[in-house]
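Since the structure comes first, as structure tokens, the remarks are kept for the end.
Treat the numbers as computed from the prediction; the structure is a model and nothing was measured. Numbers restart at 1 for each chain; the letters A, B, ... are given by sequence-line order, proteins then strands.
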Amino acid sequence: MTAERFSSTPRGRRARRGFFDRAAPGLARALLGATVTVRSGDGAVRSVRIVEVEAYVRGDPASHAYRGPTRRNRSMFSRPGTLYVYRIHQVVCANLVARRGEAVLLRAGAAEGVPPREASGPGRLCRFLGITIADDGTDVVDGGRVELRLPPVARRSIRTGPRVGIRKAVDRPLRFALADEPAVSRPRLRA
DNA sequence: GAAAAGATTACCT
DNA sequence: GGTAATCTTTTCC
């Protein structure tokens, strides 16, 4: 079983800096349907189409950036398009930095021929793509091993709801997902 | 230096 | 539905 077997061909144009440089909720919606591709050292490539995300914004007590830069979260204050990867319990989770201090958590992805569960949830998504803590701080705009592509897909309906696993600002509707995607984690979201 | 908390997951009833 | 696993970062003394 090879990694290539599960990869899908990246399509569309590569996202540029300006795509990321905006408030996180707008970036979150724009990321739905985009493709994340990770190239490993041995040449293996894995991609997923993003189907579920969460936005973390300025003044947001649930955000890792709320209390200012620390050793862990410093990537959140880096350039738009930077990857912010952090460890939680036994897994890692990946965010894409929006305007400085804001970020979008990648919660679920889908890939051809892959059971939806494989990339459902932020930890499983990173495990499937091979993203590790070493990828923290990577720039996805400027030619790293992680890149983001924006396929010219038709606009699809987006569902919204509260974020998962947080203790503060629990009611803010900053979770976004594509409708009718099996990989989207529970609880279900409304239109 | 110690303790608590955590943007999770898997497995339990 | 609930909870334990398990470990790093942050915070507090």
Side-chain angles (χ1 to χ4, degrees), chain A residues 6 20 22-32 34 36 38 46 48-111 114-138 140 146 148 158-178 181-190:
Chain A
F6 294 115
F20 297 97
R22 52 175 142 172
L27 176 63
R29 289 173 172 274
L31 284 172
L32 292 174
V36 184
V38 179
R46 281 196 173 185
V48 296
R49 195 166 41 82
I50 300 170
V51 300
E52 180 187 356
V53 294
E54 285 176 357
Y56 289 86
V57 301
R58 292 175 184 168
D60 177 1
S63 171
H64 288 174
Y66 186 56
R67 298 177 192 282
T70 65
R71 186 205 204 94
R72 176 179 67 163
N73 69 14
R74 66 186 189 88
S75 294
M76 278 192 74
F77 298 90
S78 190
R79 311 168 78 185
T82 297
L83 202 59
Y84 165 46
V85 182
Y86 68 92
R87 177 181 287 275
I88 178 75
H89 296 271
Q90 304 317 108
V91 302
V92 297
C93 301
N95 299 248
L96 287 166
V97 176
R99 62 182 182 183
R100 288 176 191 264
E102 301 197 1
V104 177
L105 172 68
L106 306 181
R107 282 201 59 89
V114 176
R117 176 183 174 78
E118 287 293 308
S120 178
R124 283 189 290 262
L125 173 64
C126 285
R127 187 179 63 183
F128 176 76
L129 287 175
I131 290 174
T132 72
I133 198 69
D135 292 304
D136 181 45
T138 296
V140 307
V146 182
L148 185 80
I158 295 175
R159 296 178 185 274
T160 65
R163 294 173 292 185
V164 176
I166 56 173
R167 301 290 300 269
K168 298 167 183 169
V170 294
D171 292 331
R172 300 188 67 171
L174 292 176
R175 178 173 170 231
F176 306 94
L178 292 176
E181 287 286 349
V184 174
S185 59
R186 298 183 318 171
R188 290 291 169 209
L189 299 173
R190 317 187 74 166

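- The ring pair (Phe, Tyr, Trp, His ring centres under 6.0 Å) test applied to F77(A) returns no partner, not counting sequence neighbours.
- Screening residues 75-99 of chain A for salt bridge (charged side-chain N to carboxylate O under 4.0 Å, His left out), with sequence neighbours left out, gives R79(A)-D139(A), R99(A)-E102(A).
- Considering only residues two or more places apart in sequence or on other chains, V104(A) meets the side chain to side chain contact (heavy atoms under 4.5 Å, CB included) condition with A24(A), L27(A), A28(A), L31(A), V53(A).
- Under the rule for a side chain to side chain donor-acceptor pair (under 3.5 Å), E118(A) has no partner lying at least two apart in sequence or in another chain.
- Partners of R117(A) by side chain to side chain contact (heavy atoms under 4.5 Å, CB included), not counting sequence neighbours, listed by chain and number: R124(A).
- Applying the side chain to side chain contact (heavy atoms under 4.5 Å, CB included) criterion to V85(A), with sequence neighbours excluded, gives L83(A), V92(A), A94(A), I131(A), I133(A), D135(A), D136(A).
- The separation of dT6(C) from dA2(B), taken at their P atoms, amounts to 22 Å, rounded to a whole angstrom.
- Under the salt bridge (charged side-chain N to carboxylate O under 4.0 Å, His left out) criterion, R163(A) pairs with D60(A), not counting sequence neighbours.
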>> Can you build the contact string for nucleotides 5-13 of chain B? Use B for base contact, S for sugar-phosphate-only contact, and - for no protein heavy atom under 4.0 Å.
In response: -BBBSS---

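- Considering only residues two or more places apart in sequence or on other chains, T132(A) meets the side chain to side chain donor-acceptor pair (under 3.5 Å) condition with none of them.
- Listed by chain and number, the residues in a side chain to side chain contact (heavy atoms under 4.5 Å, CB included) with R29(A) are I158(A), T160(A), F176(A) (sequence neighbours excluded).
- Consecutive Watson-Crick or G-U pairing (both distances under 3.5 Å) extending over three or more pairs maps onto DNA chain C as B:1-6 with C:7-12, B:8-12 with C:1-5.
- Close approach of DNA chain C to chain A, defined as any atom under 4.0 Å from a non-hydrogen atom of the protein, starts and stops at dA5(C) to dT11(C).
- In this structure, CG on N95(A) lies 5.0 Å from CG on L105(A), to the nearest 0.5 angstrom.
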